[in-house]
Amino acid sequence: MSAVTDAIKALRFVTSTKARVEFAPWGKHWWLSQPGLTDTKQLTLVRVRMRPGAGHQFHYHPAREEIIYILDGVAEQWVGREKRRLKTGEIAFIPKNVVHAIHNPSKKPMTFLAILSPARAKGPFLIDCYNDEPWRSLREPFAYREVDSRTGRAKRPTSRPARHR
């Protein structure tokens with residue numbers, strides 16, 4: 001096989017060791033298909049393991065539609081002002097520019113897939129709006145400590161208190 005054939009082949013299969021792992025305050029993300037990882041043009045796929053009681057704040061994707069597919073656990077899913085509880089095997093479809101949020105209301109971790117299309121688009125991937133009305137009144141924003149996206153550890157404040165002698 002040629003180097004070109006090997007490079008193309010490498011972009012078609014993503015093993016657990018090749019997935020891009022990232023941490024957010026609400027849980028661990030395994031990016032399984034995204035530009036730069038696969039040769040995708042239309043689909044982004046991420047598996048998310050969400051901690052009990054955690055949630056992704058209200059936001060929207062200005063240029064992408066999304067499907068949320070629950071792999072295990074229970075999700076409180078908002079699409080616009082409508083809220084539903086989703087169980088294993090159920091989905092939510094979110095058109096582009098529609099505000100949405102997901103929350104794990106249980107005491108067990110919840111896992112879901114997020115499939116977004118297109119994979120490449122102009123502008124930001126998402127826009128947070130959880131502090132804007134009416135979203136702030138529908139669900140109080142989560143208070144999270146910032147985490148290192150590579151390790152999941154809480155970031156320390158950048159300024160340290162003065163030491164007393």
Side-chain angles (χ1 to χ4, degrees), residues 7-16 18-51 54-105 110-152 155:
I8 291 169
K9 192 177 199 180
L11 296 174
R12 299 211 175 150
F13 297 94
V14 179
T15 63
S16 59
K18 297 291 182 189
R20 288 194 179 139
V21 177
E22 180 179 87
F23 294 89
W26 52 88
K28 188 174 181 180
H29 294 63
W30 290 265
W31 292 93
L32 301 166
S33 180
Q34 69 178 163
L37 178 63
T38 63
D39 196 27
T40 188
K41 304 286 186 281
Q42 296 302 316
L43 297 172
T44 297
L45 173 65
V46 60
R47 182 179 74 204
V48 179
R49 184 81 166 160
M50 188 171 278
R51 295 186 342 269
H56 191 185
Q57 315 267 23
F58 281 106
H59 65 282
Y60 64 95
H61 304 279
R64 292 172 174 85
E65 57 185 20
E66 180 175 14
I67 291 175
I68 299 289
Y69 177 80
I70 308 303
L71 290 171
D72 66 50
V74 176
E76 175 186 275
Q77 178 69 54
W78 290 84
V79 178
R81 293 179 187 222
E82 187 176 357
K83 176 177 73 170
R84 296 272 175 100
R85 283 180 89 91
L86 299 176
K87 299 176 292 196
T88 300
E90 297 179 333
I91 74 154
F93 169 72
I94 303 137
K96 69 180 177 178
N97 280 318
V98 172
V99 174
H100 57 285
I102 189 168
H103 169 242
N104 179 358
M110 181 257 297
T111 307
F112 66 92
L113 296 176
I115 304 153
L116 297 102
S117 180
R120 296 180 190 273
K122 290 183 180 184
F125 186 78
L126 67 80
I127 296 176
D128 285 318
C129 57
Y130 57 89
N131 276 320
D132 301 337
E133 291 298 343
W135 317 112
R136 184 176 186 74
S137 296
L138 289 175
R139 181 172 222 320
E140 187 172 325
F142 294 99
Y144 289 123
R145 289 186 66 189
E146 206 175 328
V147 298
D148 183 299
S149 64
R150 291 176 291 124
T151 65
K155 287 187 177 181

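Fair warning: this is a prediction, and the values are worked out from it, not measured in the lab.
- In this structure, His56 and Phe142 approach most closely via the heavy-atom pair N-CE1, 4.5 Å.
- Nearest heavy-atom pair across Arg139 and Trp78 is CD-NE1, 4.1 Å.
- The minimum heavy-atom distance linking Ala63 with Pro118 is given by the pair O-CD, 3.2 Å.
- In this structure, Val79 and Phe93 approach most closely via the heavy-atom pair CG1-O, 4.0 Å.
- You'll find the side chain of Leu32 reaches within 4.5 Å of the side chain of Arg47, heavy atoms only.
- Taken from OG in Ser33 to CZ in Arg12, the straight-line distance is 12.0 Å, to the nearest 0.5 Å.
- Side chains of Val14 and Arg20 form no contact here, defined as non-hydrogen atoms less than 4.5 Å apart.
- Checked by atom type and distance alone, the side chain of His100 pairs as donor or acceptor with a backbone atom of Val98 at under 3.5 Å.
- Comment: Lys87 does not engage Asp72 in a salt bridge, judged by the lack of any side-chain N to carboxylate O separation of less than 4.0 angstrom.
- Between the CH2 atom in Trp135 and the CD atom in Gln57 there is a gap of 14.0 Å [rounded to 0.5 Å].
- Leu45 places a side-chain heavy atom less than 4.5 Å from the side chain of Leu113.
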| task | Starting from the C-alpha separation in whole Å, work towards a yes-or-no answer on side-chain contact (heavy atoms from CB on, under 4.5 Å) for Val21 and Lys28. | result | CA-CA 7 Å; Val21 177; Lys28 188 174 181 180; 3.4 Å; yes
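- In this pair, Trp31 and His29 present their aromatic rings parallel. The plane angle is below 30°, not in the 30 to 60° band.
- At a threshold of 4.5 Å between non-hydrogen side-chain atoms, the residues Met50 and Thr111 do not count as touching.
- Side chain of Ser149 to backbone of Glu22: no donor-acceptor contact under 3.5 angstrom is found.
- The shortest distance between side-chain heavy atoms of Pro25 and Arg145 does not fall below 4.5 Å.
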Discussion item. Let's go through Ile115 and Glu66 carefully: what are the C-alpha distance in whole Å and the side-chain angles of both, what is the deciding distance for side-chain contact (heavy atoms from CB on, under 4.5 Å) to 0.1 Å, and is it a yes or a no?
Written reply: CA-CA 5 Å; Ile115 304 153; Glu66 180 175 14; over 6 Å; no
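- Within a 6.0 Å sphere centred on CZ of Arg85, heavy atoms belonging to other residues, nucleotides or ligands number 12 at most.
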TODO: Applying side-chain contact (heavy atoms from CB on, under 4.5 Å), run through Phe58 and Arg136 and close with a yes or a no.
DONE: CA-CA 8 Å; Phe58 281 106; Arg136 184 176 186 74; over 6 Å; no
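- The distance from atom NE2 of His59 to atom CD1 of Ile102, rounded to the nearest 0.5 Å, is 9.5 Å.
- For CD of Glu133, the number of neighbouring non-hydrogen atoms (other residues, nucleotides, ligands) closer than 6.0 Å is greater than 12.
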Item to complete: Test Lys96 against Tyr60 for side-chain contact (heavy atoms from CB on, under 4.5 Å), laying out the working first.
Response: CA-CA 7 Å; Lys96 69 180 177 178; Tyr60 64 95; over 6 Å; no
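- The shortest non-hydrogen separation linking Leu86 to Gln77 is CD1-CB, 3.8 Å.
- Smallest separation of non-hydrogen atoms from Phe23 and Thr151: CD1-C, 3.5 Å.
- In this structure, CG on Leu43 lies 9.0 Å from CG on Leu116, to the nearest 0.5 angstrom.
- The side-chain heavy atoms of Ser117 and Thr44, taken from C-beta on, include no pair separated by under 4.5 Å.
- The backbone N or O of Ala92 sits nowhere less than 3.5 Å from a side-chain atom of Tyr69 that would complete a donor-acceptor pair.
- The only option from Ile70, Val74, Leu71, Thr88 that meets the side chain to side chain contact (heavy atoms under 4.5 Å, CB included) definition with Met110 turns out to be Ile70.
- The side-chain heavy atoms of Asn131 and Pro141, taken from C-beta on, include a pair separated by under 4.5 Å.
- With Asp128 contributing its side chain and Tyr130 its backbone, the two residues share no donor-acceptor pair below 3.5 Å.
- Remark: Glu82 engages Arg84 in a salt bridge, criterion side-chain N to carboxylate O under 4.0 Å.
- Looking at His61, its side chain does come within 3.5 Å of a backbone N or O of Phe125 through a donor-acceptor pair.
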